[in-house]
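Residue indices begin at 1 and follow the sequence shown.
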Amino acid sequence: MARISAGVATSHIPAVGAAIDMGRTNEDYWKPMFDGYEFSKNWMKENAPDVAIIVYNDHASYFGMEIMPTFAMGVAESYGICDEGYGPRPIPDVQGCPELATHLAASLILDDFDMTVLNVLEVDHGLTVPLSLMYGSPEKWPSKVIPLAVNVVMYPQPSGERCLAIGKAIRRAVEAFDEDLDVQVWGTGGMSHQIQGARAGLINLPWDKQFMDDLINEPEVLQYKPHLEYMREAGSEGVELIMWLIMRGALGDKVDEVYRFNHVPASNTSVGHLILTPPGDFMTVNLAVVGLGAFGHKHLDAIAAIADAKIQYVAHSRMEVAQEVAAKYGAKAAFTDYAELLAQEDLDGVILATPTHMHHAQTLQALRAGKHVMVEIPMGDSLAGVQEIVDVQQETGLIAMAGHTRRFNPSHQYVHDKITAGEFAISQMDVQTYFFRRTNTNALGAPRSWTDHLLWHHAAHTVDLFQYQTGEKVVQAHAIQGPKHPELGIAMDMSIQLKTENGKICTLSLSFNNDGPFGSFFRYIGDTGTYIARYDDLFTGAEEQIDVSQVAVSMNGIELQDREFIAAIREGREPNSSVAQVLPCYIVLDALASQLDY
């Protein structure tokens with residue numbers, strides 16, 4: 001059975017399409033508006049429907065004043081792009097879904113809605129601008145589209161009551177369709193604007209916001225609103241908002257608000273945008289980031305790009321820092337007291353980017369407080385501490401994940417996919433982890449309150465990745481280290497050798513003395529080739545770059561790691577890089593530590 005999973009409402013200003021097509025979205029005038037749609041573009045990456053029923057109005061582009069149907073539905077295989085006077089927009093044609101469209105048209109007609117059925121149609125900015133706002137500029141639109149054109153340009157227009165009713169009828173028809181399809185209904189146009197006469201440029205933001213509140217909570221209030229009120233309060237073009245009622249009617253009595261955005265002005269128009277879902281269909285995961293140093297900010301930036309997560313709280317040892325970050329990222333509150341943070345009922349999980357020596361205790365505290373947790377590596381600085389985390393996770397059944405980011409970098413994912421497909425097998429890994437850190441500073445060059453460690457922190461990435469990529473346990477592990485720094489008290493150089501049960505080997509060189517390119521560089525030597533991974537970039541052994549942009553939804557390994565944590569919470573499953581999965585890494589680290597002079 002097909003189902004309606006979401007409703008989208010958005011303005012469809014033609015100048016927005018022009019700004020996109022001309023590459024002007026980052027200009028000072030346009031950027032605030034386009035920034036407001038970044039959430040939706042990210043949300044759509046994971047929630048794009050099979051079919052979008054897009055309710056729009058033709059602006060005398062395909063239709064004309066001679067023929068203007070009240071309701072017209074496209075049932076074609078595809079729809080071309082209208083020339084609205086300056087050439088068609090340089091975007092892909094819109095692919096239709098004739099099977100569902102024909103079913104809908106027949107069902108609506110039998111439900112006493114007089115539909116015009118269109119076997120040929122070209123679509124204008126009313127339909128294409130919303131597609132661009134939701135999907136960006138792809139080579140092919142991710143969803144099939146059923147156009148539903150509504151007359152809101154020539155008297156008499158349909159009533160709000162009729163529009164809400166047709167939305168409800170669409171829902172019944174979709175749910176009666178046998179094929180398993182994810183369907184969304186989009187209502188477009190609207191918000192206050194007038195493009196002619198003495199009131200040209202009219203914007204009534206309070207009225208717009210009240211309309212959105214009523215649409216979500218009391219749509220029946222809007223169904224009897226007369227067209228004259230739309231024109232008086234929202235301008236001559238404000239009557240387009242009746243198309244949002246079709247979207248709202250298709251969602252049922254109650255809805256959850258996923259996202260809302262208002263902006264003025266854009267091309268002398270008030271911009272409005274909503275994403276709604278049926279109750280319970282969408283879960284926003286409320287997170288806290290604890291520790292607001294270099295990596296804390298990496299996680300904050302990553303979460304801000306993830307549609308189904310929210311930065312609910314932040315915590316830091318200094319309140320002024322926490323409050324500044326909370327304001328920047330829109331967090332609900334800032335904390336210095338970790339126990340007080342964990343007591344918040346609307347908190348689902350925490351991301352710990354705190355100093356190493358705090359990881360073990362804070363992870364246990366979060367799990368025992370009933371919160372999911374992702375902890376940056378290392379989980380602890382002893383095998384006994386890491387084992388305790390695994391034990392408590394299994395007792396509580398909560399999601400507990402360690403930040404072994406290399407599993408998620410697109411470069412390493414590409415190699416992993418090759419291994420899984422049987423197209424590549426590792427013979428040897430040669431890894432260099434190099435930094436210049438003769439003073440106690442973090443990745444941003446700021447002073448650190450704790451001391452880093454080559455083995456328990458940096459070697460952990462490679463030890464885990466080697467076992468993950470080979471799918472084998474390390475059975476031999478050797479380590480030597482150079483002199484300790486007289487002030488930091490840690491070894492500044494280290495060499496590690498590993499061997500798996502089937503003879504695969506890894507050589508790892510680590511240094512805090514390297515005055516050159518920083519980071520970790522991985523060479524995979526295998527039976528069918530050689531790969532060189534430098535963070536999220538990948539090359540062949542001949543230094544030919546491999547395009548890994550399509551491996552995952554992002555090129556940011558931290559973001560992909562955070563996405564896995566959030567998805568595991570929503571889906572109630574074990575994540576990749578769970579604390580249990582990475583336990584073998586810490587068994588090896590413990591064996592290596594026993595060989596070194598601490």
Say you draw a straight line from [atom1] of [X] to [atom2] of [Y]; how long is it, rounded to the nearest 0.5 Å?
{"X": "L347", "Y": "K310", "atom1": "CG", "atom2": "NZ", "value": "12.0 Å"}
{"X": "Q595", "Y": "Q481", "atom1": "CD", "atom2": "CD", "value": "10.5 Å"}
{"X": "I505", "Y": "Q428", "atom1": "CD1", "atom2": "CD", "value": "4.0 Å"}
{"X": "K298", "Y": "I558", "atom1": "NZ", "atom2": "CD1", "value": "6.5 Å"}
{"X": "Q393", "Y": "L583", "atom1": "CD", "atom2": "CG", "value": "11.5 Å"}
{"X": "K41", "Y": "M134", "atom1": "NZ", "atom2": "CE", "value": "9.5 Å"}

[X]/[Y] aromatic ring centres below 6.0 Å:
{"X": "H404", "Y": "Y586", "value": "yes"}
{"X": "H412", "Y": "Y468", "value": "no"}
{"X": "Y37", "Y": "F261", "value": "yes"}
{"X": "Y531", "Y": "F522", "value": "no"}

Does the cation-pi check pass for K31 over F34, that is, NZ or CZ under 6.0 Å from the six-membered ring centre and within 45° of its axis? no
How far apart are the closest heavy atoms of [X] and [Y], and which atoms are they?
{"X": "P279", "Y": "D256", "value": "CA-OD2, 3.4 Å"}
{"X": "L508", "Y": "T433", "value": "CD1-OG1, 3.9 Å"}
{"X": "I496", "Y": "A459", "value": "CD1-CB, 3.7 Å"}
{"X": "I389", "Y": "L364", "value": "CA-CD2, 3.8 Å"}
{"X": "A552", "Y": "Q413", "value": "CB-NE2, 4.2 Å"}
{"X": "A580", "Y": "E574", "value": "CB-OE2, 4.3 Å"}

Exam field: side chain [X] to backbone [Y], donor-acceptor pair closer than 3.5 Å:
{"X": "Q344", "Y": "E340", "result": "yes"}
{"X": "H461", "Y": "H457", "result": "no"}
{"X": "K473", "Y": "T500", "result": "no"}

Is a side-chain donor-acceptor pair under 3.5 Å present for [Y] with [X]?
{"X": "D391", "Y": "Q387", "answer": "yes"}
{"X": "D562", "Y": "H299", "answer": "yes"}
{"X": "E376", "Y": "H359", "answer": "no"}
{"X": "D346", "Y": "N286", "answer": "no"}
{"X": "D182", "Y": "S5", "answer": "yes"}
{"X": "Q581", "Y": "R407", "answer": "yes"}
{"X": "S554", "Y": "E559", "answer": "yes"}
{"X": "S520", "Y": "Y434", "answer": "no"}
{"X": "N556", "Y": "D536", "answer": "no"}
{"X": "S577", "Y": "Q561", "answer": "no"}
{"X": "D430", "Y": "Y524", "answer": "no"}

Under 4.0 Å between a side-chain nitrogen and a carboxylate oxygen: does that hold for D464 and R406?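 Judged by the 4.0 Å cut-off on N to carboxylate O distance, D464 and R406 do not form a salt bridge.
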With a sphere of 6.0 Å drawn around CZ of R534, does it hold more than 12 non-hydrogen atoms of other residues, nucleotides or ligands?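 Atom CZ in R534 is crowded, with more than 12 foreign heavy atoms closer than 6.0 Å.
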Determine whether more than 12 heavy atoms belonging to other residues, nucleotides or ligands lie under 6.0 Å from atom CD of Q550. no
Stepwise side-chain contact (heavy atoms from CB on, under 4.5 Å) test for M33 and L133: CA-CA 10 Å; M33 194 216 80; L133 286 170; 4.0 Å; yes
Would you sort out whether H458 and F435 count as a ring pair (Phe, Tyr, Trp, His ring centres under 6.0 Å), showing the intermediate values? CA-CA 10 Å; H458 296 285; F435 298 95; 4.9 Å; yes
Verdict with supporting geometry, F466 and V474, side-chain contact (heavy atoms from CB on, under 4.5 Å): CA-CA 9 Å; F466 181 51; V474 168; 3.9 Å; yes
Just so I know, are the side chains of L352 and Y338 near enough to count as touching, which here means a heavy-atom distance under 4.5 Å?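 Result yes, sub-4.5 Å side-chain heavy-atom pair found.
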Evaluate the side-chain contact (heavy atoms from CB on, under 4.5 Å) criterion for residues V271 and V264: first the C-alpha distance (whole Å), next the side-chain angles of each, then the deciding distance (0.1 Å), finally the verdict. CA-CA 6 Å; V271 174; V264 293; over 6 Å; no
Chi angles and distances behind the side chain to side chain donor-acceptor pair (under 3.5 Å) call for N409, S411: CA-CA 5 Å; N409 292 112; S411 53; 5.5 Å; no
Evaluation steps, side-chain contact (heavy atoms from CB on, under 4.5 Å), between H273 and R260: CA-CA 6 Å; H273 171 42; R260 177 193 293 223; over 6 Å; no
Would you mind telling me which of L589, D590, V588 makes a side chain to side chain contact (heavy atoms under 4.5 Å, CB included) with L383?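 Filter result, single survivor: D590.
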